[in-house]
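The structure appears right after this line, and notes come after that.
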Protein chains: 2
Amino acid sequence: MSNPEGGIGEPAKLFAALGDPTRLALVARLSAGESLSIAALSSDTRLTRQAVTKHLHVMQEAGLVASERVGRESRYAFRPEALDGARAYLDAVSGQWRDALHRLKRFVEE
Amino acid sequence: MSNPEGGIGEPAKLFAALGDPTRLALVARLSAGESLSIAALSSDTRLTRQAVTKHLHVMQEAGLVASERVGRESRYAFRPEALDGARAYLDAVSGQWRDALHRLKRFVEE
DNA sequence: ACGATAGGCAACGACACGGTTGCGTTTCCC
DNA sequence: GGGAAACGCAACCGTGTCGTTGCCTATCGT
């Protein structure tokens, strides 16, 4: 399953989760290492707490983030392994492109 | 500008363009090397030609693809350079995560 | 025990998205 | 020249998304 055709559903959800500026900002905040609460994440935004909550749910659904309830607050942590799937897909696509160019070059030179 | 905070708008558009199964399938088709017409791309799909056209416009807006009008048909070609931006963003994010873990480790060990 | 803080749930509105149908225009080919 | 192929444009529809507001529950601190 190294060709880009195989298994399109999962990477699409991942890319879709990354395809929003607000969500990318959250990823940037969380990739700093700290596990942060919803209140902490929505404090320096013009968004409502519920808006941030929804985005976090989307990101959790895509595997980008993991939540852990501690006391009265729920902390969200970044999951860097989730990016491996995206990177693998990008590499598969550009690898297929590179191979295609290589085959074309060999064909022309023969 | 190597931190993930800088310039969030452009990669978000790129990821959003990749965040759709139909569009990912088109990328897979086009990454095979050949420059294909809209009719060719929509022939082996259950979608209408106009649906494929809209997806191609979105992908072109994100820089994923380039169009070239030849005769009565317009050919679309994959642009692998577009993926570099996405890969750079992923690397920046996971790099920031890795550095944060490293700093934490050093702090704990001191 | 009580106020304040953190959060979950649900409804709602505005708008974008994915897709279709219909029609007109250009280009190819016989 | 005329039919057919390839495309563009615009309107339209159903659904999803983004964000809000309102309200209710749980937990913390004093």
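Below, chain A is the first sequence line, B the second, and so on; all start at residue 1.
- Between the side chain of B/R72 and the base of C/dT26, no donor-acceptor pair of N or O atoms lies under 3.5 Å.
- Phosphate proximity of C/dG19 to B/T22: present, with a side-chain N or O under 4.0 Å from OP1 or OP2.
- Annotation for B/V65 and B/L56: closest pair CG1-O, 4.0 Å, computed over non-hydrogen atoms.
- Using a 30° and 60° split on the angle between ring planes, B/Y89 and B/F15 fall in the perpendicular class, above 60°.
- You'll find the side chain of A/H102 stays beyond 4.5 Å of the side chain of A/R98, heavy atoms only.
- In this structure, A/L56 places its CG atom 15 Å from P of C/dA6, rounding to the nearest Å.
- Note on A/R23: only backbone sugar-phosphate atoms sit closer than 4.0 angstrom, heavy atoms only; bases stay farther off.
- If one axis is set at each end of the helix from C/dA1-D/dT30 to C/dC30-D/dG1 from five pairs, those axes are 30° apart, to 10°.
- Taking atom CE of B/M59 as the reference point, atom C1' of C/dG18 lies 15 Å away to the nearest angstrom.
- Using a 4.0 Å cutoff on non-hydrogen atoms, the parts of residues 35-55 of chain A near DNA chain C are A/S37, A/I38, A/A39, A/R49, A/Q50, A/T53, A/K54, ordered by number.
- Taking 4.0 angstrom as the limit, A/S74 places none of its side-chain polar atoms (N or O) nearer than this to OP1 or OP2 of C/dA6.
- Under a 3.5 Å cut-off, the side chain of B/T48 and the backbone N or O of B/A51 do not form any donor-acceptor pair.
- The nearest whole Å value for the distance from the OH atom in A/Y76 to the P atom in C/dA6 is 15 Å.
- At whole-Å resolution of the value, NE2 in A/H57 and C1' in D/dT17 are 16 Å apart.
- Side-chain N or O atoms of A/T45 include one that pairs as donor or acceptor with a backbone N or O of A/L41 at under 3.5 Å.
- Rounded to a whole Å, the CD atom of B/E61 is 14 Å from the P atom of C/dG18.
- Side-chain contact between A/R87 and B/S94: present, with at least one pair of heavy atoms (C-beta onward) separated by less than 4.5 Å.
- Screening A/M59, A/Q60, A/H55, A/K54 for a side chain to side chain contact (heavy atoms under 4.5 Å, CB included) with A/H57, the sole residue that qualifies is A/Q60.
- Of all heavy-atom pairs between B/A66 and B/R79, the closest is CB-CD, 3.8 Å.
- Atom-to-atom, CG of B/D20 to P of C/dG19 comes out at 6 Å; the value is rounded to the nearest Å.
- For B/R23 (side chain) and B/A16 (main-chain N/O), a donor-acceptor pair under 3.5 Å exists by modelled atom type.
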